[in-house]
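Position 1 is the first residue of the sequence, and the numbers go up from there. Worth knowing before you read on, the calculation uses all heavy atoms, side chains too, and leaves out hydrogens, waters and symmetry mates. What you see is a predicted model, and the numbers here were worked out from it, not measured in a lab.
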Amino acid sequence: MKKIILIAAFSLLLIGCNMNPSKEARIQKLETEILKAMDKIRSLESRIQNLEDIKGELNTRILELEKQ
């Protein structure tokens with residue numbers, strides 16, 4: 001009876017340990033999330049740059065219209 005309980009305890013322990021992802025898998029998941037975040041940041045930076053360019057053009061047009 002003790003052997004059965006011991007075997008069951010060890011098997012549950014092993015099953016419980018295997019449920020957690022390995023460090024390597026967690027690191028890879030974090031790396032992919034970081035890469036996705038960096039891509040989003042780059043796209044936002046380019047959109048901001050485009051908006052700043054448009055703002056500059058509009059400011060020059062406003063100044064030209066004010067001179068007239």
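- If you take CD on Glu45 and CE on Met38, they are separated by 9.5 Å, rounding to the nearest 0.5 Å.
- Within 6.0 Å of atom CD1 in Ile4, 12 or fewer heavy atoms from other residues, nucleotides or ligands are found, so the atom counts as exposed in its surroundings.
- Between Lys36 and Asp39 there is no salt bridge, since no side-chain N of the basic residue sits under 4.0 Å from a carboxylate O of the acidic one.
- Interatomic distance, Leu58 CG to Asp53 CG, rounded to the nearest 0.5 Å: 11.0 Å.
- Expressed to the nearest 0.5 Å, how far CG of Asn59 lies from CD1 of Ile54 amounts to 12.0 Å.
- The distance from the NZ atom of Lys23 to the CG atom of Leu30 is 13.0 Å, given to the nearest 0.5 Å.
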Criterion side chain to side chain contact (heavy atoms under 4.5 Å, CB included) on Arg26 and Lys29, from CA distance to verdict: CA-CA 5 Å; Arg26 287 183 282 171; Lys29 182 180 176 183; 5.6 Å; no

